[in-house]
Amino acid sequence: MLTNSTNRRRFLRQGTTFGLGAALVAAGASRATAQIPDSDLALVTDGDIAILQFLAAAEALENDLWQQYTELSQGNVAYQQSLERIDQSLIAYINQDRRDELSHNVLINAVLESIGQLRGKSLTVDVSSFMVVPPPNVTGIAQTPRITNLQTLNVDTSWFNRYRSAQNPDLPPAPGATAQFVTITGQPTIPLSNGESAASIQLSAHCAAFHFAAIEQGGASLYNGLLDAMISPLARAIVASIGPTEVYHFVAFHKSLENLPAFSANGLSFPGIRQNPTLGQAIMPAPCTFIDATLPLCSVIRPRSDANSGPLAAASGLAASGLFAGNPGFVSAAVDLATAAETAITKQTAQLRAFAASI
Ligand SMILES: [Fe+2]
């Protein structure tokens with residue numbers, strides 16, 4: 001088994017080729033090199049770099065899973081039809097999300113490359129050696145090894161309840177704030193074989209519809225919290241601008257559940273959100289506790305604390321969901337990058353507080 005340090009070297013090795021984005025990374029890197037003033041690049045701290053490297057890896061894994069969903073939603077008719085029974089727009093939303101996550105990864109890596117050029121070392125994040133998970137042998141998906149595994153997932157649905165409640169996981173007490181809307185454990189979110197029954201594929205589509213929003217609400221919380229730690233204007237601009245697009249994605253997929261039909265199979269039951277418009281249409285973030293429980297309730301992204309949604313929480317939560325089943329090397333490397341990002345967050349948050357106190 002590879003050690004963390006070995007994995008980190010693999011992650012951060014020279015080169016930026018990964019899957020379908022290789023050409024785009026190269027193109028993006030030269031544009032960034034030409035246009036970002038050295039004076040801006042020089043202000044990026046080592047801590048900012050550590051956080052951006054974690055985000056580059058996070059965006060790469062997002063791109064990897066959205067790529068699989070795109071291929072199957074466009075190339076597997078039974079899966080496509082199952083998704084369209086939930087929301088006709090899902091196929092387009094999935095493809096647009098894949099495009100966006102890839103663009104996030106490419107941009108962050110291009111900026112890292114520019115910073116690295118100024119410092120005489122490679123800082124880009126390369127995930128190509130972690131593409132080791134074989135996808136299911138089913139119509140519509142290329143038989144290319146992937147980073148992520150969509151075949152046995154514990155899909156978090158607690159966000160559905162959380163955004164309809166006044167409870168904020170960052171503030172005690174929050175009884176029930178983590179209650180699952182539907183308990184989805186060990187389920188595929190994609191078809192696993194060409195002989196699968198229609199009911200089984202529909203079950204995967206229902207699980208996937210919640211997985212789409214689960215991934216994006218996690219990204220929304222992650223970026224939001226990281227804003228507290230970024231120091232350089234360049235790194236702040238990246239986190240401040242990509243973060244809201246994760247929110248944008250979350251909202252689109254959240255709304256796609258508004259007409260979810262009731263469905264039961266294999267012992268798993270989804271309530272008919274379609275039959276309950278009061279529940280389904282409650283997609284705006286209900287005002288919740290924020291900053292301090294004594295303050296008036298406020299409509300905000302939650303959680304945003306480092307403990308609940310920071311890099312380590314995100315990496316370990318995704319690993320616990322089964323998303324990297326069969327890919328222990330990626331888990332190890334991601335946790336290593338997340339740990340470096342956490343060190344940076346602790347240091348830079350303290351520096352910013354000290355700076356504010358000194359003014
Ligand atoms: Fe993203």
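Starting from 1, each residue takes its place in the sequence as its number. In each ligand, atom 1 is the first atom listed, and ligand 1 is the first ligand listed.
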(request) Using only N, O or S atoms, tell me which atom of Glu101 is closest to the Fe ion (ligand 1). (result) OE1
(message) What I want to find out is whether Arg353 reaches Asp228 closely enough, with some N-O distance under 4.0 Å, to be called a salt bridge.
(response) no
(request) Have a look at the Fe ion (ligand 1) and estimate, to 10 degrees, the angle subtended by OE1 (Glu62) and OE1 (Glu59). (result) 70°
(message) Donor-acceptor check, side chain of Asp48 to backbone of Ile231, threshold 3.5 angstrom: yes or no?
(response) yes
(request) For the Fe ion (ligand 1), find the closest N/O/S atom on Glu246 and give its atom name. (result) OE2
(request) Have a look at His104 and say which of its N, O or S atoms is nearest the Fe ion (ligand 1). (result) ND1
(message) Can you see whether Phe160 has Arg164 sitting over its ring - NZ or CZ less than 6.0 Å from the centre and within 45° of the normal?
(response) yes
(request) Give a yes or no on whether Asp100 keeps an N, O or S atom under 2.8 Å from the Fe ion (ligand 1). (result) no
(message) Below 2.8 Å, can you find an N, O or S atom of His249 next to the Fe ion (ligand 1)?
(response) no
(message) Check whether Asp64 reaches the backbone of Ile147 with its side chain - one donor and one acceptor, N or O, closer than 3.5 Å.
(response) yes
(message) Assess whether a salt bridge exists between Arg146 and Glu71, defined as any Lys/Arg side-chain N lying under 4.0 Å from an Asp/Glu carboxylate O.
(response) yes
